[in-house]
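Notes to accompany the following structure.
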Amino acid sequence: GQIITKEMRRYIKHQDELGFHYTPSRHVAEFDNGAIIFFRGLETAADIQQEQGIERDLLIIDEAPQHLWDTISAMFASNRTTNIHHALTGQKWRATAILTGNPGGVSQVEFKYHFVKVDTSRWTEGEVKMKDEFVFVASGPEDNSHLSEDYLADLESQPEWRRRQWLKGDWDVQGGTFFESWNSAVHIDKSTAPIDPSWPKWRSIDLGYKSHESVCLWFAQDPVTADVVVYNEYGTTEVATDKFIENITRRSGRERYSINWADPAMFINKQETEG
């Protein structure tokens with residue numbers, strides 16, 4: 001609310017010439033032609049619930065990667081229109097969602113595979129049907145002539161991973177991760193050569209289930225070079241714990257592993273099963 005009020009102060013003094021009236025207590029701008037702009041925060045589950053069922057012809061979410069992808073998907077359900085036409089051409093308005101933000105945040109991975117490096121295998125069936133509706137427009141500091149030298153200097157003074165995110169638009173690096181120097185161009189081998197069956201193998205499992213993605217990675221190590229390869233991956237937020245484990249077992253086939261690593265939280269007596 002404080003951010004909205006601060007930003008609107010720029011425009012309130014031009015209400016008459018722009019043909020709108022802004023009500024600070026409601027965070028609503030009402031225009032003479034009947035259009036209404038609603039400014040809302042998305043900080044709590046209650047904020048999201050208040051939007052459910054409400055028709056939004058144009059949905060704009062600022063700093064969208066800072067929100068859970070489930071939150072953004074829930075907002076998409078309100079992004080619809082019924083009978084709005086251009087006053088001069090008569091062309092019908094198409095419901096539109098605009099998401100802005102930088103690399104980083106809780107939904108960085110989803111943004112990367114939906115917009116930057118599209119991978120429809122990670123999409124829902126409904127998203128795949130609308131794949132031509134997803135458009136990514138990259139923009140860097142050099143595209144904004146209003147940025148001051150001091151601001152750019154501040155960006156340059158950030159840690160390496162944040163500079164790569166905010167200055168270079170790098171969607172591969174994530175701050176706070178074990179390997180902050182990760183670079184997909186260097187560390188991903190797209191070779192389809194099979195793993196030598198004699199190499200030692202192991203699995204690593206992290207349980208999320210809806211709060212964040214549950215993931216299993218399959219590893220193998222070349223005994224000569226000591227290089228470790230992640231040769232298989234399974235991640236999901238769509239299934240309960242018991243089904244997640246079943247899927248891992250099925251994907252593992254007849255392979256044998258020297259050890260399995262797992263999040264200690266998995267062994268707490270808290271069962272999640274698929275009903």
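- A donor-acceptor distance shorter than 3.5 angstrom exists from the side chain of T124 to the backbone of E127, with no hydrogens or angles considered.
- Enclosure of atom OH in Y231 by more than 12 non-hydrogen atoms of other residues, nucleotides or ligands within 6.0 angstrom is indicated.
- Checked against a 6.0 Å centroid threshold, the rings of W261 and F219 do not count as neighbours.
- Residues satisfying the salt bridge (charged side-chain N to carboxylate O under 4.0 Å, His left out) test with D32, not counting sequence neighbours, are none.
- In this structure Y234 satisfies the ring-ring contact (aromatic ring centres under 6.0 Å, His included) test together with F244, sequence neighbours excluded.
- With sequence neighbours excluded, the residues forming a side-chain hydrogen bond (donor to acceptor under 3.5 Å, both in side chains) with S252 are R203, W218, Y257, listed by chain and number.
- Listed by first then second residue, pairs satisfying salt bridge (charged side-chain N to carboxylate O under 4.0 Å, His left out) with a partner in residues 14-27 read R26-E30, not counting sequence neighbours.
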Sequence neighbours left out, cut at 3.5 Å: what donor-acceptor pairs do the side chains of residues 146-157 make with other protein atoms?
unit_1 : atom_1 : unit_2 : atom_2 : d
S148   : OG     : Y151   : N      : 3.1
S157   : OG     : D154   : O      : 2.6

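- Side chains of Q158 and Q165 form no contact here, defined as non-hydrogen atoms less than 4.5 Å apart.
- Between K112 and D172 there is a salt bridge, with a side-chain nitrogen of the basic residue lying less than 4.0 Å from a carboxylate oxygen of the acidic one.
- Side chain of S78 to backbone of A74: no donor-acceptor contact under 3.5 angstrom is found.
- Cluster annotation: I37 is connected to Y22 through the hydrophobic network of ILVMFWY side chains, with a link wherever side-chain heavy atoms come within less than 4.5 Å.
- Considering only heavy atoms from C-beta on, W171 stays 4.5 Å or farther from F115 through its side chain.
- Atoms CZ and NZ, from R164 and K168 in turn, are 11.0 Å apart once rounded to the nearest 0.5 Å.
- Here the CD1-OG distance, from I248 to S214, works out to 8.0 Å after rounding to the nearest 0.5 Å.
- E233 places no side-chain N or O within 3.5 Å of a backbone atom of L217 that could act as its donor or acceptor partner.
- Put simply, the side chain of F76 reaches to within 4.5 Å of the side chain of L99, judged on heavy atoms.
- Note that the NZ atom of K201 and the CD1 atom of I195 stand 7.5 Å from one another [nearest 0.5 Å].
- When atom types are taken as modelled, the side chain of T96 and the backbone of R94 share a donor-acceptor pair closer than 3.5 angstrom.
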Which atom pairs, one a donor and one an acceptor, fall under 3.5 Å between side chains of residues 54-65 and the rest of the protein, sequence neighbours left out?
unit_1 : atom_1 : unit_2 : atom_2 : d
R56    : NE     : E51    : OE1    : 2.9
R56    : NH2    : E51    : OE1    : 3.1
R56    : NH2    : E51    : OE2    : 3.1
D57    : OD1    : T81    : OG1    : 2.5
D62    : OD1    : T100   : OG1    : 2.6

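- Rounded to the nearest 0.5 Å, atoms NE2 (H86) and CH2 (W93) are 10.0 Å apart.
- A continuous path of hydrophobic side-chain contacts links I259 to V215 [ILVMFWY only; heavy atoms under 4.5 Å].
- Residues P103 and D170 have side chains not in contact (no heavy-atom distance under 4.5 Å, counting atoms from C-beta outward).
- Cluster membership for V230 and W202, using ILVMFWY side-chain heavy atoms within less than 4.5 angstrom, is shared.
- Transitive grouping of hydrophobic side chains (ILVMFWY, heavy atoms separated by less than 4.5 Å) keeps V28 and F31 in distinct clusters.
- Judged purely by atom type and a 3.5 angstrom limit, Q15 has no side-chain atom pairing as donor or acceptor with the backbone of A29.
- Grouping the Ile, Leu, Val, Met, Phe, Trp and Tyr side chains by contacts below 4.5 angstrom, directly or via other members, places W166 apart from F111.
- No side-chain heavy atom of I205 sits under 4.5 Å from any side-chain heavy atom of D263.
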#### Entry: ring-ring contact (aromatic ring centres under 6.0 Å, His included) between W123 and F134, intermediate numbers included
CA-CA 12 Å; W123 296 20; F134 288 78; 4.7 Å; yes

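- A salt bridge does not link R122 to E213: none of the charged side-chain nitrogens sits closer than 4.0 Å to a carboxylate oxygen.
- To the nearest 0.5 Å, atoms CD (Q66) and CG (L42) are separated by 12.5 Å.
- We find the CG-NZ distance between D119 and K117 to be 11.5 Å, quoted to the nearest 0.5 Å.
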